[in-house]
Asker: 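Let me begin by handing over the structure; questions about it come next.
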Amino acid sequence: MLGTEAIAVLGVIASIISIIDGTKQVYDAATNAQGLPEAFCEVAARLPIVRNILASAKRHIGEEDTDEDSCKEVKDIVEGCGKKAKKLEELFQKVISADGASRAERYVSAARTLGKGSRVETLMKGILEDVQLLAINYSMTTVTDNQRKEVAEAIKEVTALPPSIPEHAIEGIGFTAIHSGSGSINQAQGDQYNNLGSGQIYYAQSMTFGSHGKN
């Protein structure tokens with residue numbers, strides 16, 4: 001018979017799986033990725049890894065005679081994982097699904113609301129590390145060696161992603177930036193959110209883009 005802590009853990013895991021599914025659905029329903037930082041695509045591609053390990057952990061706890069002390073430790077991990085997953089879902093919903101401002105502007109605004117550590121890749125790295133703890137530290141027989149390898153590789157790949165948004169943009173601190181390259185010169189004052197296609201969003205209160213020809 002399942003104990004109180006085991007039942008609580010199963011409820012939290014089921015909730016996270018639902019959040020992960022919802023986040024993936026938001027991404028899959030998008031008609032295009034225009035203006036969306038590359039990190040959103042990279043994160044979405046690794047959501048199934050999280051879901052699969054959580055489902056395996058759920059089966060283990062539901063089928064095995066897991067002691068209450070272990071369940072308490074697992075509960076702390078999955079509750080933290082759930083908070084990150086909820087923030088990630090909120091970012092996907094506000095940036096991909098919402099209308100109005102550009103995706104770059106919506107991303108900066110949503111990240112500011114959620115606070116420090118709210119880049120999509122940062123949240124995903126934390127989620128992956130949480131499920132890796134479940135996969136490695138609690139002798140969950142339903143988690144396969146392949147799943148453990150997948151999550152370890154995913155953590156490396158997400159860690160290697162360039163920042164999708166500067167931390168100072170989340171904190172609302174402006175700066176002056178100069179970008180050199182081919183193309184026209186654009187100069188503007190006020191909050192600027194620049195993302196021409198996939199890649200990193202550049203935020204500034206004063207930004208100049210210039211091109212330099214050969215002398």
Side-chain angles (χ1 to χ4, degrees), residues 1-3 5-30 33 36-93 95-96 117-164 198-199:
M1 181 178 177
L2 293 175
E5 293 295 336
I7 293 172
V9 168
L10 290 174
V12 176
I13 292 177
S15 175
I16 299 171
I17 290 173
S18 178
I19 292 170
I20 294 297
D21 287 345
T23 304
K24 188 68 164 62
Q25 287 170 9
V26 168
Y27 181 81
D28 290 344
L36 195 64
E38 182 183 355
F40 279 79
C41 177
E42 297 293 336
V43 166
R46 289 160 180 81
L47 289 172
I49 296 173
V50 175
R51 191 197 191 284
N52 290 340
I53 291 179
L54 287 173
S56 294
K58 187 170 177 281
R59 286 197 305 274
H60 175 86
I61 294 170
E63 296 170 1
E64 301 290 333
D65 186 18
T66 309
D67 66 88
E68 289 288 272
D69 287 338
S70 293
C71 284
K72 286 179 182 179
E73 294 177 13
V74 170
K75 184 181 176 183
D76 289 338
I77 295 171
V78 295
E79 284 180 343
C81 182
K83 291 176 182 178
K84 298 181 193 82
K86 190 63 182 173
K87 286 184 177 182
L88 187 67
E89 180 187 41
E90 186 173 340
L91 283 174
F92 269 66
Q93 288 176 338
V95 176
I96 297 176
S118 296
R119 296 189 189 103
V120 289
E121 68 273 17
T122 302
L123 291 168
M124 188 59 175
K125 180 174 180 285
I127 292 168
L128 288 165
E129 289 173 341
D130 288 338
V131 298
Q132 185 183 49
L133 283 176
L134 294 180
I136 293 175
N137 291 353
Y138 293 95
S139 302
M140 294 195 177
T141 56
T142 51
V143 178
T144 67
D145 289 340
N146 187 55
Q147 286 176 316
R148 295 185 179 95
K149 290 177 182 177
E150 279 186 334
V151 71
E153 185 63 27
I155 290 171
K156 291 180 183 178
E157 293 167 348
V158 171
T159 301
L161 291 174
S164 58
S198 62

Asker: Would you name the heavy atoms of A39 and V120 that are closest together and state the gap between them?
Answerer: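 Heavy-atom minimum between the residues: CB-CG2, 3.6 Å.
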Asker: Give me each pair satisfying ring pair (Phe, Tyr, Trp, His ring centres under 6.0 Å) with a member in residues 38-63, each pair once, sequence neighbours excluded.
Answerer: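 Counting only pairs at least two positions apart or across chains, the ring pair (Phe, Tyr, Trp, His ring centres under 6.0 Å) contacts touching residues 38-63 are F40-F92, F40-Y107.
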Asker: State, to 0.1 Å, how close I20 and A85 come at their nearest heavy-atom pair, and which atoms those are.
Answerer: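 Reported closest heavy-atom pair: CD1-CB, 4.4 Å.
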Asker: Sub-3.5 Å donor-acceptor pair from the side chain of T122 to the main-chain atoms of S118, do we have one?
Answerer: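 Absent.
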Asker: Between S56 (side chain only) and V143 (backbone N and O only), is there a donor and an acceptor less than 3.5 Å apart?
Answerer: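 No, because the side chain of S56 does not come within donor-acceptor range (under 3.5 Å) of the backbone of V143.
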Asker: CD/E150 to CD1/I53 distance, rounded to the nearest 0.5 angstrom?
Answerer: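 Those atoms lie 7.5 Å apart.
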Asker: Drop me the distance from C81's SG to K83's NZ, to the nearest 0.5 angstrom.
Answerer: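 Answer for the SG-NZ pair, C81 versus K83, is 12.0 Å.
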Asker: Might you point out which heavy atoms bring A30 and I96 nearest each other, and give the distance in Å?
Answerer: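 So the two residues come closest at CB-CG2, 3.6 Å.
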Asker: Salt-bridged, K125 to E129, with N to O below 4.0 Å?
Answerer: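 Between E129 and K125 there is a salt bridge, with a charged N closer than 4.0 Å to a carboxylate O.
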Asker: Once rounded to the nearest 0.5 Å, what's the spacing between atom CD1 of I17 and atom CG of N52?
Answerer: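 CG of N52 is found 9.0 Å from CD1 of I17.
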Asker: Salt-bridged, D21 to K24, with N to O below 4.0 Å?
Answerer: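 K24 and D21: not salt-bridged.
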Asker: For the atom pair CD (Q93) and CG (L88), what is the distance rounded to the nearest 0.5 Å?
Answerer: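 If I round to the nearest 0.5 Å, the distance is 10.0 Å.
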Asker: Check whether any side-chain heavy atom of E63 lies under 4.5 Å from a side-chain heavy atom of T141, and answer yes or no.
Answerer: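 Result no, sub-4.5 Å side-chain heavy-atom pair not found.
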Asker: Heavy atoms, side chains only, cut-off 4.5 Å: are E42 and V158 in contact?
Answerer: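 A side-chain contact is absent here, since even the closest heavy-atom pair is not under 4.5 Å.
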Asker: In Å, rounded to the nearest 0.5 Å, how long is the span from CD1 of I49 to NZ of K149?
Answerer: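 Answer rounded to 0.5 Å: 14.0 Å.
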Asker: What heavy-atom pair brings V9 and V78 nearest, and what distance separates the two atoms?
Answerer: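 Taking V9 first and V78 second, the nearest heavy atoms are CG1-CG2, 4.5 Å.
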Asker: Looking at K86 and E89, is any side-chain nitrogen of the basic one under 4.0 Å from a carboxylate oxygen of the acidic one?
Answerer: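 So E89 pairs with K86 through a salt bridge.
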Asker: Taking E5 for the side chain and K72 for the main chain, is one N or O donor matched with an acceptor at less than 3.5 Å?
Answerer: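 No.
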Asker: Sorted by first residue and then second, give each ring pair (Phe, Tyr, Trp, His ring centres under 6.0 Å) pair with at least one member in residues 65-86; sequence neighbours left out.
Answerer: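 As it turns out, there is no ring pair (Phe, Tyr, Trp, His ring centres under 6.0 Å) pair with a partner in residues 65-86 once direct neighbours are skipped.
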Asker: Can you give me the closest heavy-atom contact between A6 and L2, atom names plus distance?
Answerer: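 In this case the closest contact between A6 and L2 is CB-CD2, 4.1 Å.
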Asker: Tell me every residue that passes side chain to side chain donor-acceptor pair (under 3.5 Å) with N146, counting only those two or more places apart in sequence or in another chain.
Answerer: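 None.
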Asker: Can you find a pair of side-chain heavy atoms, one from M124 and one from L47, that are under 4.5 Å apart?
Answerer: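 Sidechains of L47 and M124: in contact.
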Asker: Can you name the closest pair of heavy atoms from R119 and P163 and give their distance?
Answerer: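 Nearest heavy atoms, R119 then P163: NE-CB, 3.8 Å.
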Asker: Surrounding NZ of K58 (heavy atoms of other residues, nucleotides or ligands, distance under 6.0 Å), is the total greater than 12?
Answerer: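 Check fails, neighbour count at 12 or below.
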Asker: Would you give the length of the straight line joining atom CG of N137 to atom OG of S70, rounded to the nearest 0.5 angstrom?
Answerer: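 Result: 11.0 Å between the selected atoms.
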Asker: Under a 4.5 Å cut-off applied to non-hydrogen side-chain atoms, are L91 and T23 in contact?
Answerer: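 The answer is no; the side chains never approach within 4.5 Å.
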Asker: Answer yes or no: is there a donor N or O on one side and an acceptor on the other, between the side chain of E121 and the main chain of S164, under 3.5 Å?
Answerer: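 Side chain of E121 to backbone of S164, a donor-acceptor pair under 3.5 Å: yes, one is there.
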Asker: Is any side-chain heavy atom of E157 less than 4.5 Å from a side-chain heavy atom of R46?
Answerer: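 SC-SC contact between E157 and R46 confirmed.
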Asker: Is any side-chain heavy atom of M140 closer than 4.5 Å to a side-chain heavy atom of I61?
Answerer: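 With C-beta onward as the side chain, the pair touches.
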